[in-house]
Amino acid sequence: MQPLAGALVAELTRYLPGAYAGRELLRLGARVVRVEAPSGDPMRHVAPAWDRALNAGKESVVCDLKADPGLARALCARADVVLEGFRPGVAKRLGLGPADLPERVVYCSITGFGAEGPHAAYAGHDLNYLGWAGVLADTAPALPPVQPADLAAGALQATVEVLAALLERERSGRGGHVVVSMAHGSHRLAAHRLGGDPLPRFLTGGLACYRIYATADGRHLTVGALEPKFFARLCELIGRPELAGGQFDPDGQEALAAELAAAFSAEPLSHWLDLFEDEDVCAGPVATLAEGAAHFGEPSTGAAPGLGEHTQAWRGELGLI
């Protein structure tokens, strides 16, 4: 499905959140144009492979928003959707705020802490938003292996809000301004835990039946056998059926984990994967990113644009030449 075919998205963002959101809208059929400073999105230089992956299939125009913002203003006025990631108030000062654009434009601000409030002007990145939101409390000082504030609370939430706003525009004819806060969104990812966990650190390392275990070859096995029937079968298969009775013993989790660790460390990962192949035990490998891509990767959407590659074409299309 390409539900956004024919829609134009202007992306005035830097780094991961806006680029990922733009990629999702592109995947749904939109035409996405990056508006970059003359030096380019810093991600081009800091993480060029990431930049290519997240921006493949998009277009790029170069515009100095302070010295000559005309191209950006005209492009945003033409767009169906504007994604921006400035600190609150900056877009307005540049003449690129929601009030400066036609009423039909869906304008999405991806912010760290929202458009107002005591934290609104704070600088930050993914790790900071997660820390403020309380998400890291169980596992600090370990870092998450992905950036959930940027990618989930920021980019995917922005995508949801934009799609909802486009649906509302179909009904009313008007766009609107939606504000995404990565800190608030990060907190929502964990807020269901405020009333307490069934057991301490229920899904963050407190349960032996929901952990990652080393295998004999230096690889790792994920075990997520929360349901008693799955855990009982797993214990049977590894030759330790007596362990199943302690699955949720609040005082016995570390002892149970030690027994499981000893069992799994006795054989290589391939042994366990073969053993569990046709069984409902909720176990699997810690695959490398390349291994994961072989099974679950998506085809490329084309090449990433060179910096400013489409500037002249857009100047012509917008009558600015």
Side-chain angles (χ1 to χ4, degrees), residues 7-28 30-76 78-97 101 107-112 122-129 146-159 162 179-182 300-315 318:
L8 175 63
V9 177
E11 184 186 299
L12 289 79
T13 66
R14 306 197 309 171
Y15 294 116
L16 290 176
Y20 196 101
R23 186 184 73 170
E24 290 301 288
L25 298 173
L26 178 78
R27 185 174 61 83
L28 294 173
R31 181 183 185 184
V32 180
V33 183
R34 305 173 73 185
V35 179
E36 302 187 70
S39 57
D41 183 335
M43 190 163 62
R44 285 184 179 271
H45 314 293
V46 174
W50 297 9
D51 184 85
R52 290 191 296 271
L54 291 173
N55 293 295
K58 298 180 184 178
E59 300 171 42
S60 170
V61 302
V62 163
C63 182
D64 186 329
L65 295 180
K66 292 182 179 179
D68 184 20
L71 173 59
R73 288 175 182 165
L75 179 60
C76 289
R78 172 76 66 87
D80 297 282
V81 176
V82 173
L83 297 174
E84 66 94 1
F86 300 110
R87 291 201 207 184
V90 172
K92 180 180 179 181
R93 291 198 297 273
L94 293 169
L96 290 166
L101 301 176
Y107 191 99
C108 179
S109 298
I110 304 176
T111 72
Y122 284 17
H125 282 296
D126 176 271
L127 196 63
N128 307 118
Y129 309 137
V146 295
Q147 292 68 51
D150 282 353
L151 304 179
L156 291 181
Q157 187 62 39
T159 303
V162 164
V179 178
V180 172
S181 163
M182 288 180 276
S300 172
T301 52
L307 177 61
E309 179 179 338
H310 304 89
T311 303
Q312 287 305 110
W314 270 106
R315 284 191 175 277
L318 296 168

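This chain uses plain numbering: 1 for the first residue, then up along the sequence.
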Could you tell me whether the side chain of Thr111 reaches within less than 4.5 Å of the side chain of Val180, counting heavy atoms only?
no

Spacing of Cys63 atom SG and Arg73 atom CZ [to the nearest 0.5 Å]:
9.0 Å

Closer than 4.0 angstrom, basic N to acidic O: yes or no for Asp51 and Arg34?
yes

Closest contact, heavy atoms only, Pro48 versus His45:
CD-O, 3.8 Å

Under a 4.5 Å cut-off applied to non-hydrogen side-chain atoms, are Val162 and Leu83 in contact?
yes

With a 4.5 Å heavy-atom cut-off, do Met43 and Asn55 have their side chains touching?
yes

Can you list every pair that meets salt bridge (charged side-chain N to carboxylate O under 4.0 Å, His left out) and has a residue in residues 83-95, with sequence neighbours left out?
none

Evaluate Glu59 against Val32 for side chain to side chain contact (heavy atoms under 4.5 Å, CB included), listing each step before the verdict.
CA-CA 6 Å; Glu59 300 171 42; Val32 180; over 6 Å; no

Mind listing the closest non-hydrogen atom pair of Gly18 and Ile110 along with its distance?
CA-CD1, 4.0 Å

Taking ring-ring contact (aromatic ring centres under 6.0 Å, His included) as the test, write out the residues that go with Tyr107, two or more places apart.
His177

Once you round to the nearest 0.5 Å, how far does OG of Ser39 lie from CG of Asp64?
9.5 Å

Distance-only donor-acceptor hits, side chain of residues 151-158, under 3.5 Å, sequence neighbours excluded:
{"from": "Gln157", "atom 1": "NE2", "to": "Glu161", "atom 2": "OE2", "distance (Å)": "2.8"}

Do Cys76 and Leu96 come within less than 4.5 Å of each other through their side chains, counting heavy atoms only?
yes

Hey, are the side chains of Leu12 and Phe86 touching, using non-hydrogen atoms and a 4.5 Å cut-off?
yes

Would you indicate whether His310, at its atom NE2, is surrounded by more than 12 heavy atoms from other residues, nucleotides or ligands within a distance under 6.0 Å?
yes

Quick check: do Glu11 and Leu25 have side-chain heavy atoms less than 4.5 Å from each other?
no

Expected output: side-chain Asn128 to main-chain His125 donor-acceptor under 3.5 Å
yes

Distance col, row Leu26:CG vs Arg31:CZ, nearest 0.5 angstrom, shows 11.5 Å

Which distance, rounded to the nearest 0.5 Å, do you find between the OH of Tyr20 and the OG1 of Thr13?
14.0 Å

Would a 4.5 Å heavy-atom cut-off, applied to side chains only, mark Asp80 and Val9 as touching?
no

Distance-minimising heavy-atom pair for Gly124 and Tyr129:
O-OH, 2.8 Å

Within the structure provided, determine whether Leu8 and Leu75 are in side-chain contact (heavy-atom separation under 4.5 Å).
yes

Lys/Arg N to Asp/Glu carboxylate O, Arg14 vs Glu36, below 4.0 Å:
no

Between Asp126 (side chain) and Asp150 (backbone), is there a donor-acceptor pair under 3.5 Å?
yes

